[in-house]
Peer 1: 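Got a structure here, written out as structure tokens. Questions coming.
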Amino acid sequence: MNITSQDALYMARAIKLAEKGWFTTRANPRVGCVIAKDSEVLAEGWHQKAGLNHAEVNAISNASNSAQQDLSGTTAYVTLEPCCHFGKRPPCALALVQAGITRVVCAMQDPNPLVSGQGIELLQKAGVEVEVGLLEAAAQQLNVGFVKRMIHGLPKVTIKMATSLDGKIAMASGESQWITGQAARADVQRLRAESCAIITGSASVIADNPSMNVRDPEFLSNEYFAQPLRVVIDSQGLVDADAKIFQLEGEAWLATTQWQNKEYPAGVNQEVFEPTADGKVDLYELLLRLADKGINQVLVEAGSGLAAAFIKQQLADELVVYMAPKLMGATAQSMLNLPFTQMAQSIALQLEDTRVIGEDLKLTYNLVKKR
């Protein structure tokens, strides 16, 4: 690649711009764009929400609205290959060509089969010089869920658990509020806000009647923010239609194995699945259906049984554990219902991040998959 240190600085700025859409882009990838000429930045833009203009078009528009209207001979730094197909918006690659931009630096190729190299080809055929791969690893981290959905047809799945130091999530009676402190619970709001969907189980809803929504004003004040899809896995239809999780703003799914003749509020959709051999909702099929809906990131907030099922079926990518400085004793409920009897059955975890959140410890693990 014919890349300079100045190019790297502009691409780093484009990555920072992409992060501005972290909680709002949802179905679409997070993308940032910087347009520069020599040592001067002429315009910037980022993708704010699916259905709105993409980062490149926003940057071009911002340049047109400023004193710098002539973009001929400029370089565009984009964190993802510009699209080349007509979707909800015209192709960004064509917009770059029409703006007179003569060089485009992409951090990574788009894994979307509708683009995947074709945007680069369109630019090159129009005489635009294209460089690909600058700060690629950082750009991939912007859209881990999107990349997984494009390549494997499944969203990224994160399991969140709150435990005591001895690995317990509730007392034997079911009492669990509160294991972790206020700071950790606030951090969970961020996990929810960056997720496209939140999955929980019927047992958790019946026991706690949770909201499973985002309530932090930091996110609600953003005009582009939308509540994540709330998904209740309820194979046998045990959850009442008036449960709090069904009453709140935003869309909710009831994932079940048979149609439930209940009067659910508007915005609640019944998703019926062929039951597995043990009469459960097929989790793999559920994730496929969520991916078809454009869901990139799923957060599982559930009890020890459902969380363990995602792990046992190798459907989870990440485990986030908020560990409180408490001991809850031998009779308390364990974090995961994994009835292992031999060391060979153990599941390997790769520690990715450790940080202190208030009085609690937040541990983030990647799950090492065997297949």
Side-chain angles (χ1 to χ4, degrees), residues 15 18-19 22 29-30 79 107-108 111 133 135-169 179-180 183-184 187-200 283-284 286-288 290-291 295-325 334-371:
I15 289 171
E19 291 174 354
W22 194 269
R30 304 168 179 119
T79 57
M108 61 178 286
L135 301 187
E136 182 174 7
Q140 288 178 338
Q141 289 304 307
L142 289 170
N143 297 296
V144 175
F146 174 78
V147 171
K148 183 186 176 186
R149 181 167 68 87
M150 289 298 106
I151 295 176
H152 300 291
L154 294 170
K156 176 189 174 185
V157 177
T158 297
I159 295 176
K160 166 260 170 183
M161 305 295 289
T163 79
S164 61
L165 183 60
D166 50 350
K168 306 298 182 177
I169 62 170
I179 295 175
T180 54
D187 195 67
V188 172
Q189 288 283 299
R190 297 188 68 83
L191 275 183
R192 290 181 183 177
E194 70 182 21
S195 302
C196 305
I198 300 169
I199 294 178
T200 192
L283 300 182
Y284 179 74
L286 171 60
L287 293 178
L288 285 177
L290 288 171
I295 298 296
N296 290 323
Q297 294 176 225
V298 169
L299 178 64
V300 177
E301 292 192 62
S304 59
L306 182 55
F310 274 97
I311 293 175
K312 285 189 289 187
Q313 295 177 40
Q314 299 190 54
L315 297 175
D317 303 288
E318 187 177 64
L319 176 63
V320 176
V321 179
Y322 294 90
M323 183 177 291
S334 295
M335 181 173 74
L336 294 167
N337 184 13
L338 294 169
F340 296 159
T341 58
Q342 299 176 3
M343 184 61 71
Q345 296 174 290
S346 63
I347 296 173
L349 303 175
Q350 185 176 49
L351 182 63
E352 288 295 313
D353 186 67
T354 304
R355 63 187 62 196
V356 176
I357 307 289
E359 296 182 349
D360 304 313
L361 189 63
K362 180 182 179 183
L363 304 169
T364 302
Y365 297 94
N366 281 339
L367 280 88
V368 181
K369 299 183 180 180
K370 295 180 180 178
R371 63 168 181 238

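Remember, predicted model here, so these are calculated numbers, not experimental data.
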Peer 1: Can you tell me how far apart CE (Met161) and CD1 (Ile159) are? Round to the nearest 0.5 Å.
Peer 2: 8.0 Å

Peer 1: Only counting residues at least two apart or in another chain, list the ones meeting side-chain hydrogen bond (donor to acceptor under 3.5 Å, both in side chains) with Thr341.
Peer 2: Gln345

Peer 1: Any non-hydrogen side-chain atom of Leu361 less than 4.5 Å from a side-chain atom of Val356?
Peer 2: yes

Peer 1: With side chains defined as the heavy atoms from C-beta onward, is the minimum distance between Tyr322 and Leu191 less than 4.5 Å?
Peer 2: yes

Peer 1: Would you call Glu352 and Glu318 a side-chain contact if the rule is heavy atoms closer than 4.5 Å?
Peer 2: no

Peer 1: Inspect the surroundings of CD in Glu359 and state if more than 12 heavy atoms from other residues, nucleotides or ligands are less than 6.0 Å away.
Peer 2: no

Peer 1: Looking only at heavy atoms, what is the nearest atom pair of Asn337 and Pro339, with distance?
Peer 2: O-CD, 3.4 Å

Peer 1: Can you name the closest pair of heavy atoms from Pro111 and Met108 and give their distance?
Peer 2: CD-CE, 4.2 Å

Peer 1: Would you say that Leu283 contacts Ile199 through its side chain, given a criterion of any heavy-atom pair below 4.5 Å between the two side chains?
Peer 2: no

Peer 1: Can you confirm whether Ser304 sits close enough to Met335 that some side-chain heavy atom of one is under 4.5 Å from a side-chain heavy atom of the other?
Peer 2: no

Peer 1: Which donor-acceptor pairs under 3.5 Å do side chains of residues 135-147 form with protein atoms, sequence neighbours excluded?
Peer 2:
unit_1	atom_1	unit_2	atom_2	d
Asn143	OD1	Arg30	N	2.6
Asn143	ND2	Arg30	O	3.0

Peer 1: I need the minimum non-hydrogen distance between Ala308 and Leu336, along with the two atoms involved.
Peer 2: N-CD2, 3.8 Å

Peer 1: Write down the atom of Leu306, the atom of Thr200, and the distance for their closest heavy-atom approach.
Peer 2: CD2-C, 3.8 Å

Peer 1: Is there a donor-acceptor pair closer than 3.5 Å between any side-chain N or O of Lys156 and the backbone N or O of Gln297?
Peer 2: no

Peer 1: So how far is it from Ile347 CD1 to Ile311 CD1, rounded to the nearest 0.5 Å?
Peer 2: 6.0 Å

Peer 1: Do Phe310 and Leu287 have side chains that approach each other closer than 4.5 Å (heavy atoms only, starting at C-beta)?
Peer 2: yes

Peer 1: Between CG of Asn366 and OG1 of Thr158, what distance do you get to the nearest 0.5 Å?
Peer 2: 9.0 Å

Peer 1: If you take all heavy atoms of Leu367 and Ala316, which pair is closest and at what distance?
Peer 2: CB-O, 3.8 Å

Peer 1: Between atom SG of Cys196 and atom CZ of Arg149, what is the distance when rounded to the nearest 0.5 Å?
Peer 2: 8.0 Å

Peer 1: Can you tell me how far CG of Asp187 sits from CZ of Arg192, rounded to the nearest 0.5 angstrom?
Peer 2: 12.0 Å

Peer 1: So Lys168 and Ser334, side chain to side chain contact (heavy atoms under 4.5 Å, CB included) or not? Walk me through it.
Peer 2: CA-CA 5 Å; Lys168 306 298 182 177; Ser334 295; 3.3 Å; yes

Peer 1: Identify the two heavy atoms, one from Ile295 and one from Val298, that lie closest to each other, and give their separation to 0.1 Å.
Peer 2: CG2-CG2, 3.7 Å

Peer 1: How many angstroms lie between atom CG of Leu154 and atom CG of Leu315, to the nearest 0.5 angstrom?
Peer 2: 7.5 Å

